[in-house]
Amino acid sequence: MGSPAAQYLAAAGVGTLGIADFDTVSIGNLHRQVLFSPADVGHKKAAVACERLQKQNPGIKLVPHDVRVTSQNVMDLLWQYDIVVDGTDNFDTRYLLNDAAVITARPLVYGAIYQYEGQVAVWNIENENGTRSPNYRDLFPEVDATKIPNCAEGGVIPTLAGIIGCMQANEVIKYITKTGELLTGKVLMFDAQTMQSRIIKIGDASNTHITRLVETVITPTISVADLKKAMAENSVELIDVRSDQEHEAFNIGGRLLPLDILTADLDQIDKNSKTVLYCASGKRSGEAVKAIKQKYPDANVFSLEGGLKGWMEFSEIV
């Protein structure tokens with residue numbers, strides 16, 4: 001969503017655009033992150049995006065933020081800008097941006113996609129009476145991220161990212177120019193299969209009181225290269241947290257311990273041995289590692305960075 005949103009905001013002449021992303025471009029990004037090309041694979045997304053957008057409109061200012069957005073830096077980032085566009089793909093960062101936007105009194109344009117469905121809303125707009133419009137926590141006070149696949153695992157039709165991203169850019173432009181009716185106090189739901197949309201109203205004012213940020217938990221990860229080396233040295237235990245069907249279709253070895261079974265009893269992990277958990281994209285294994293580290297901070301556990309998708313891409317490059 002960030003790619004089309006950024007392109008249209010740059011083309012429209014928004015004075016300063018900050019792009020925050022700590023990741024690098026991979027082949028698997030190209031079908032929906034249309035800012036990038038095969039030549040960009042392996043390069044930092046924030047830098048590539050800013051360079052491309054600057055060529056599109058030399059008259060605006062582009063600021064790359066090559067950082068992981070955390071509770072330690074999010075406030076400093078948001079104070080530099082007047083409005084936030086949420087193009088994240090995980091709930092931790094989504095809640096973090098929402099909470100920081102509330103605390104800093106910044107409007108936030110929300111977008112989310114999954115398979116054929118998308119959502120758009122504008123959070124935290126100041127009402128005439130001084131109150132603020134609803135924010136993300138008014139709609140979803142909390143979410144169990146382990147139960148919801150991300151785009152890499154659940155799939156998404158590529159054009160949906162473009163549609164929702166353009167809608168987000170549209171809301172930003174409406175906000176800046178003070179035209180039209182913003183999606184405040186409501187959520188637009190879009191179905192790409194039927195091309196139908198509907199708007200759900202959720203109220204006029206926020207009912208949540210956010211005064212502090214939830215501390216960001218950094219999930220320990222291991223690169224594909226380092227895991228391959230550890231496997232060759234027989235110095236690591238592997239655990240596949242996917243389903244039985246996924247494991248049977250393809251795996252890189254190790255013990256099968258589906259996420260729901262693992263999180264129900266975290267003592268199934270040997271906390272003293274070096275253990276690497278893996279899944280399709282790194283999301284489920286990351287959630288599992290986070291849960292283990294919260295209960296056992298000294299546990300020597302890691303999530304495979306990029307999951308099996310990253311494993312396959314590394315093998316293709318090598």
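Reckoned from all heavy atoms, side chains included, excluding hydrogens, waters and symmetry mates. For clarity, every value in this text was computed on a predicted model and none was experimentally measured.
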Next item on the list: Applying side chain to side chain contact (heavy atoms under 4.5 Å, CB included) between K290 and each of T219, V301, I218, report the one that passes.
Entry: T219
If you take all heavy atoms of [X] and [Y], which pair is closest and at what distance?
{"X": "A20", "Y": "V69", "answer": "CB-CG2, 4.1 Å"}
{"X": "R132", "Y": "A105", "answer": "NH2-CB, 3.3 Å"}
{"X": "S285", "Y": "C279", "answer": "N-SG, 3.4 Å"}
{"X": "A46", "Y": "I19", "answer": "CB-O, 3.8 Å"}

With the side chain counted from C-beta on, respond yes when [X] and [Y] share a heavy-atom pair under 4.5 Å apart, and no when they do not.
{"X": "E246", "Y": "L308", "result": "no"}
{"X": "I292", "Y": "L277", "result": "yes"}
{"X": "L238", "Y": "N251", "result": "no"}
{"X": "V156", "Y": "Q115", "result": "no"}
{"X": "V143", "Y": "Y95", "result": "yes"}
{"X": "L227", "Y": "W311", "result": "yes"}
{"X": "N300", "Y": "N272", "result": "no"}
{"X": "L96", "Y": "S71", "result": "yes"}

Find the distance between [atom1] ([X]) and [atom2] ([Y]) and round it off to the nearest 0.5 Å.
{"X": "D86", "Y": "Y110", "atom1": "CG", "atom2": "OH", "answer": "8.0 Å"}
{"X": "T184", "Y": "N124", "atom1": "OG1", "atom2": "CG", "answer": "11.0 Å"}
{"X": "D226", "Y": "L304", "atom1": "CG", "atom2": "CG", "answer": "10.5 Å"}
{"X": "I157", "Y": "T159", "atom1": "CD1", "atom2": "OG1", "answer": "3.5 Å"}
{"X": "D82", "Y": "T104", "atom1": "CG", "atom2": "OG1", "answer": "10.5 Å"}
{"X": "C50", "Y": "H65", "atom1": "SG", "atom2": "NE2", "answer": "8.0 Å"}

Note to self: The criterion is ring-ring contact (aromatic ring centres under 6.0 Å, His included); which residues satisfy it with F140, sequence neighbours excluded?
What the structure shows: Y136
Looking at [Y], is its backbone amide N or carbonyl O close enough to the side chain of [X] to form a donor-acceptor pair, meaning the two atoms are under 3.5 Å apart?
{"X": "Y278", "Y": "I252", "value": "yes"}
{"X": "S197", "Y": "M189", "value": "no"}
{"X": "N57", "Y": "A10", "value": "yes"}
{"X": "Q54", "Y": "I60", "value": "yes"}
{"X": "E305", "Y": "G310", "value": "no"}
{"X": "T275", "Y": "S273", "value": "yes"}
{"X": "Q56", "Y": "Q7", "value": "yes"}
{"X": "T177", "Y": "I173", "value": "yes"}
{"X": "Q168", "Y": "V109", "value": "yes"}
{"X": "S235", "Y": "A230", "value": "yes"}

Margin query: Among K274, K271, R255, exactly one meets salt bridge (charged side-chain N to carboxylate O under 4.0 Å, His left out) together with E237. Which residue is that?
Written below: R255
Note to self: Using the rule given for side chain to side chain contact (heavy atoms under 4.5 Å, CB included), can you reason through I261 versus Q268, listing the C-alpha separation, both sets of side-chain angles and the distance that settles it, and then say yes or no?
What the structure shows: CA-CA 9 Å; I261 297 175; Q268 298 176 83; 4.0 Å; yes
Linked, directly or transitively: [X] and [Y] (ILVMFWY side chains, under 4.5 Å):
{"X": "I222", "Y": "M312", "answer": "yes"}
{"X": "Y8", "Y": "M167", "answer": "no"}
{"X": "L53", "Y": "V34", "answer": "no"}
{"X": "I200", "Y": "W123", "answer": "yes"}
{"X": "V85", "Y": "L188", "answer": "yes"}

Notebook entry, point to check: According to the side-chain hydrogen bond (donor to acceptor under 3.5 Å, both in side chains) rule, which pairs have a member within residues 185-194, sequence neighbours left out?
Noted result: E181-K186
Margin query: side chain to side chain contact (heavy atoms under 4.5 Å, CB included) for R137 and N98? Distances and angles first, verdict last.
Written below: CA-CA 8 Å; R137 287 194 187 272; N98 175 81; 3.8 Å; yes
With sequence neighbours left out, what residues match [X] under salt bridge (Lys or Arg N to Asp or Glu O under 4.0 Å)?
{"X": "K55", "result": "E51"}
{"X": "D244", "result": "none"}
{"X": "K61", "result": "none"}
{"X": "R52", "result": "D40"}

Item checked: With sequence neighbours excluded, residues passing side chain to side chain donor-acceptor pair (under 3.5 Å) with H247 -> D240
Next item on the list: Using side chain to side chain donor-acceptor pair (under 3.5 Å) as the criterion, list what pairs up with K293, not counting sequence neighbours.
Entry: none
Which pairs would a plain distance check flag for residues 73-80, meaning a side-chain donor or acceptor within less than 3.5 Å of a matching protein atom at least two apart in sequence or in another chain?
from, atom 1, to, atom 2, distance (Å)
N73, OD1, T70, N, 2.8
N73, ND2, R68, O, 2.9
Q80, NE2, D76, O, 3.1

Distance-only check: which donor-acceptor pairs under 3.5 Å involve side-chain atoms of residues 205-213, not counting sequence neighbours?
from, atom 1, to, atom 2, distance (Å)
S206, OG, N135, ND2, 3.1
S206, OG, D138, OD2, 2.9
S206, OG, T208, N, 3.2
S206, OG, T208, O, 3.4
S206, OG, T208, OG1, 3.1
T208, OG1, N135, ND2, 2.9

Notebook entry, point to check: Taking only residues at least two apart or on different chains, which pairs with a member in residues 7-25 satisfy salt bridge (Lys or Arg N to Asp or Glu O under 4.0 Å)?
Noted result: D23-K45
Margin query: Quick one, L183 with V187, criterion side chain to side chain contact (heavy atoms under 4.5 Å, CB included). Give me CA distance, side-chain angles, the key distance, then yes/no.
Written below: CA-CA 7 Å; L183 287 169; V187 179; over 6 Å; no
Checklist line | Residue pair N29, V41: steps toward the side chain to side chain contact (heavy atoms under 4.5 Å, CB included) verdict | finding: CA-CA 9 Å; N29 298 144; V41 171; over 6 Å; no
Next item on the list: Could you identify which residues cluster with V63, counting Ile, Leu, Val, Met, Phe, Trp and Tyr as linked when any side-chain heavy atoms lie under 4.5 Å apart, either directly or through a chain of such contacts?
Entry: Y81
Note to self: Salt bridge check, R284 against E287: does any charged N sit closer than 4.0 Å to a carboxylate O?
What the structure shows: no
